[in-house]
Participant: 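Before I ask anything, here is the structure I am working with.
Both backbone and side-chain heavy atoms feed into the values below; hydrogens, waters and symmetry mates do not. Labels below follow one simple rule: chain letters A, B, ... track the order of the sequence lines, proteins then strands, and each chain is numbered from 1.
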Protein chains: 2
Amino acid sequence: MAPSCRDALRIDDLPTPCLLLAESVMRHNIDRLKSRLRSLGVPLRPHLKTPKSIDIARFLMETPQGPATISTLREAEEFAAHGVRDLLYAVGIAPAKLDRVTALRRKGIDLAIVLDSVEAAEVVAARSRAENVPIPTLIEIDSDGHRAGVRPNEKARLTSIGRILHDAGALRGVMTHAGSSYALNTPAALEAAAEQERAAAVGCAETLRATGFAAPVVSVGSTPTAHFARSLTGVTEVRAGNFVFFDLVMNGVGVCTLHDIAVSVLATVIGHQPDNGWILVDAGWMSLSRDRGTARQTIDQGYGVVTDLAGKPYPDLIVVEANQEQGIVAIRPGGTASLPSLPIGAKVRILPNHACATVAQHDQYHVIDRSCSAAVSAVWPRFRGW
Amino acid sequence: MAPSCRDALRIDDLPTPCLLLAESVMRHNIDRLKSRLRSLGVPLRPHLKTPKSIDIARFLMETPQGPATISTLREAEEFAAHGVRDLLYAVGIAPAKLDRVTALRRKGIDLAIVLDSVEAAEVVAARSRAENVPIPTLIEIDSDGHRAGVRPNEKARLTSIGRILHDAGALRGVMTHAGSSYALNTPAALEAAAEQERAAAVGCAETLRATGFAAPVVSVGSTPTAHFARSLTGVTEVRAGNFVFFDLVMNGVGVCTLHDIAVSVLATVIGHQPDNGWILVDAGWMSLSRDRGTARQTIDQGYGVVTDLAGKPYPDLIVVEANQEQGIVAIRPGGTASLPSLPIGAKVRILPNHACATVAQHDQYHVIDRSCSAAVSAVWPRFRGW
């Protein structure tokens with residue numbers, strides 16, 4: 001039960017650094033993508049690697065049983081223990097991990113895996129036969145040269161893998177992830193990336209079907225392309241994870257405003273070096289992460305944008321450098337604002353470059369809400385590990 | 001009790017990714033610095049922020065009670081619970097943290113703090129009087145413009161802080177950290193940085209003493225300067241942390257060889273993109289960290305150097321890019337070696353850019369030893385948080 005604002009734990013009571021989550025902002029982000037996908041007629045299979053929290057997963061999933069996407073078997077096991085039953089493990093399978101996959105499947109969890117090679121397909125096919133129950137498998141498609149996967153023009157590789165899986169009853173379809181979309185920053189480029197992602201996946205599924213193999217699932221997704229796709233014809237599900245929180249990288253890509261960023265790190269001022277124009281805070285890379293994803297963007301946000309306790313950014317104020325437990329806050333290079341007066345003990349919030357990396361440095365979300373902004377309405381645990 | 005090699009958990013049994021620690025390498029690193037400091041006549045106050053493990057702390061400390069350095073109050077509380085009684089919290093104090101500091105002191109833990117401002121000194125002095133027991137405090141000195149601290153030429157600031165602490169019985173001395181030494185890479189430059197660090201700290205202590213304040217402690221240290229100082233005259237203790245494991249950044253600075261790096265991430269090959277010359281592994285930035293500290297060095301090691309299971313680096317093979325749970329392994333730009341044959345399921349080890357950041361992504365050290373290299377002799381937990 002959420003306590004009343006008057007009785008609640010308050011932001012002022014929290015030891016710093018710690019992680020804040022603005023629940024209403026998160027809900028808005030979730031509603032926005034779900035409503036978008038509804039209009040395109042495709043369901044969401046949210047990627048739970050970002051939150052790693054069952055409390056947040058329940059906002060993201062269509063039902064308490066899923067569907068959902070995960071990036072580690074630890075996530076699969078944790079979420080399965082909390083009742084999630086429809087999971088896609090969206091990282092190329094290592095043969096030694098099949099024991100844990102089949103253990104979950106024997107418990108009734110519909111855990112699907114991905115792979116992109118004949119070697120891995122042969123292992124999965126052999127295991128499917130040995131278990132006498134196929135392990136449903138998606139063939140990973142490389143739609144943009146970003147990572148892993150069969151390229152759309154590698155038809156021989158695609159159909160060889162497809163045949164091995166099909167013959168073992170293990171072929172479920174194809175999946176792709178347009179990771180290169182993170183490097184874009186115009187609506188036209190993002191729309192083109194989304195269409196490239198869609199076309200690659202649908203085309204490969206059609207190639208498999210034309211060869212005589214059932215490939216019912218066509219799974220695509222990345223946070224940028226999910227928000228810019230104009231058509232998802234032929235796609236059966238969209239995966240995205242980062243959008244639940246958004247971050248400065250996604251702001252630089254053009255997918256969200258600063259106001260849409262749902263997580264921040266609460267920090268305390270611990271010193272000043274006035275000759276350098278520096279304010280020292282107790283949030284270093286241990287709490288912010290070492291992610292410098294905005295360094296490659298038009299606006300380099302250092303280790304994060306500094307806001308007041310209500311979430312309003314101080315003009316031009318960023319974390320310019322980070323030690324393990326200290327951040328150096330200053331006006332950004334070229335910035336014209338003057339340094340705000342923040343005495344020792346003052347608290348600030350820091351918006352993350354990359355939410356997935358920043359939240360991974362923490363074990364709890366301290367949930368706050370705009371309507372009751374100084375109160376902490378809940379503390380939601382997160383897990384980690386593999 | 002360590003199991004025999006024959007019975008032991010073996011590297012092959014470990015789920016990947018996971019963290020390996022070569023105990024003999026770590027012991028060598030500890031012996032090397034301790035023997036060096038012994039010859040210079042100064043004790044080590046090891047920084048436990050790097051290992052965050054009582055098992056490793058016991059190798060580092062001179063006695064089970066300390067002394068030691070920590071970077072968070074969580075570390076202070078954890079190590080105190082395991083019997084460590086002499087601790088320096090080496091990050092500028094935030095006023096709201098004094099409750100936890102005094103709670104530990106009331107339990108008999110000699111926890112000292114640091115600060116660099118009149119404002120913080122006044123808070124600590126008032127608290128020392130209110131508690132009727134002084135909180136021992138070191139004044140942080142900025143010996144190289146890297147972070148926080150009073151500059152050696154700011155005598156008025158130094159003596160003002162000194163007076164406030166002295167009058168409250170809370171002044172214990174000075175401390176500095178030559179963080180800029182991480183950017184150097186020649187013995188001459190490192191020796192000069194060590195001398196600058198020593199001279200700044202000793203000079204400030206002498207200024208305080210000349211003003212009539214006792215300042216018995218002169219605490220200096222960083223891993224590079226600790227290994228290159230030629231004289232530590234006037235210094236009473238040396239702090240260093242990273243050296244326990246070393247890493248690729250320290251290799252680039254010239255403080256260690258690749259052979260001295262005690263930690264690595266064990267990973268499994270999950271795919272290949274032969275047209276790109278890529279091998280995909282299941283270690284991404286979640287297990288390696290986002291640290292790219294070698295990007296600013298002469299040799300950019302990407303997200304880490306790839307070795308075989310015995311720890312021998314494959315020529316020119318590094319992790320060139322990292323997604324959350326996938327690393328892309330390839331020959332380094334300009335490298336002339338050819339890609340080794342590593343089939344799906346093969347295991348490799350990855351040496352970290354920055355050990356402090358990489359080990360922070362893990363909850364256990366899997367301890368291995370050269371003499372029994374396929375066996376895991378122990379699993380040591382680590383903690384995190386604030």
Participant: Considering only heavy atoms, which portion of B/Asp291 lies under 4.5 Å from any heavy atom of chain A: side chain, backbone, both, or neither?
Facilitator: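 For B/Asp291, the contact with chain A is made by backbone and side chain together.
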Participant: If you check every heavy atom in residues 116-123 of chain B against those of chain A, which residues fall under 4.5 Å?
Facilitator: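 Within residues 116-123 of chain B, near chain A: B/Asp116, B/Ser117, B/Glu119, B/Ala120.
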Participant: For the candidates B/Gly271, B/Ala357, B/Ser289, which exhibits the highest count of non-hydrogen atom pairs separated by less than 4.5 Å from chain A?
Facilitator: B/Ala357
Participant: Can you name the nearest heavy-atom pair linking A/Gly345 to B/Pro95, along with the distance?
Facilitator: CA-CD, 4.1 Å
Participant: Where is the tightest heavy-atom contact between A/Pro15 and B/Arg100, given as atom of each residue plus distance?
Facilitator: CB-NH1, 4.0 Å
Participant: With only heavy atoms counted, which part of B/Arg74 is less than 4.5 Å from chain A, the side chain, the backbone, both or neither?
Facilitator: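 The answer is neither part of B/Arg74.
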Participant: By a 4.5 Å heavy-atom criterion (distance strictly below it), what part of A/Gln364 contacts chain B: side chain, backbone, both, or neither?
Facilitator: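 The answer is neither part of A/Gln364.
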Participant: Under 4.5 Å heavy-atom distance to chain A, tell me which part of B/Arg292 shows up: side chain, backbone, both or neither.
Facilitator: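 It is neither, since no heavy atom gets under 4.5 Å.
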Participant: Would you compute the distance between atom NZ of A/Lys97 and atom CD1 of B/Ile270 and round it to the nearest 0.5 angstrom?
Facilitator: 6.5 Å
Participant: By a 4.5 Å heavy-atom criterion (distance strictly below it), what part of A/Asp12 contacts chain B: side chain, backbone, both, or neither?
Facilitator: neither
Participant: Less than 4.5 Å to any heavy atom of chain A: does that hold for the side chain of B/His146, its backbone, both, or neither?
Facilitator: both
Participant: Taking every non-hydrogen pair under 4.5 Å, which of B/Gly149, B/Gly293, B/Cys18, B/Ala90 racks up the most with chain A?
Facilitator: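 Max contact count across the listed options: B/Gly149.
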Participant: B/Gly92, B/Pro17, B/Gly145, B/Ser287: which one forms the most heavy-atom pairs within less than 4.5 Å of chain A?
Facilitator: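 The option with the most such pairs is B/Pro17.
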Participant: Below 4.5 Å, heavy atoms only, C-beta onward: do B/Trp386 and A/Met286 meet side chain to side chain?
Facilitator: yes
Participant: At a 4.5 Å cut-off on heavy atoms, which part of A/Glu325 comes close to chain B: side chain, backbone, both, or neither?
Facilitator: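 Both backbone and side chain of A/Glu325 come within 4.5 Å of chain B.
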Participant: Considering all heavy atoms of both residues, which atom of A/Trp285 and which atom of B/His354 are nearest to each other, and what is their separation?
Facilitator: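 Scanning both residues, the minimum pair turns out to be CZ2-CE1, 3.6 Å.
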Participant: Given a strict heavy-atom distance threshold of 4.5 Å, which part of A/Thr72 is in contact with chain B: side chain, backbone, both, or neither?
Facilitator: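 A/Thr72 touches chain B through side-chain heavy atoms alone.
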Participant: So, the side chain of A/Arg384 versus the backbone of B/His362: is there a donor-acceptor pair under 3.5 Å, distance only?
Facilitator: yes
Participant: By a 4.5 Å heavy-atom criterion (distance strictly below it), what part of B/Leu280 contacts chain A: side chain, backbone, both, or neither?
Facilitator: side chain
Participant: Just so I understand: if I count every heavy-atom pair under 4.5 Å between each of B/Asn276, B/Ile328, B/Thr268, B/Ile93 and chain A, which residue has the most?
Facilitator: B/Asn276
Participant: Can you tell me which of A/Gly179, A/Cys356, A/Gly385, A/Pro343 forms the most heavy-atom pairs within a distance under 4.5 Å of chain B?
Facilitator: A/Cys356
Participant: Which atoms of B/Ala96 come close to chain A, meaning under 4.5 Å heavy atom to heavy atom: side chain ones, backbone ones, both, or neither?
Facilitator: neither
Participant: Nearest 0.5 Å, please: how far is CD in A/Glu154 from CG in B/Asp275?
Facilitator: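 Those atoms lie 6.0 Å apart.
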Participant: Which one wins on heavy-atom pair count under 4.5 Å against chain B: A/Lys49, A/His272, A/Glu321?
Facilitator: A/Lys49
Participant: On a heavy-atom basis, which atom in A/Gln273 and which in B/Arg147 lie closest, and how many Å separate them?
Facilitator: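 Shortest heavy-atom contact: CG-O, 3.4 Å.
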Participant: What part of A/Asp282 gets within 4.5 angstrom of chain B, counting heavy atoms only: side chain, backbone, both, or neither?
Facilitator: side chain
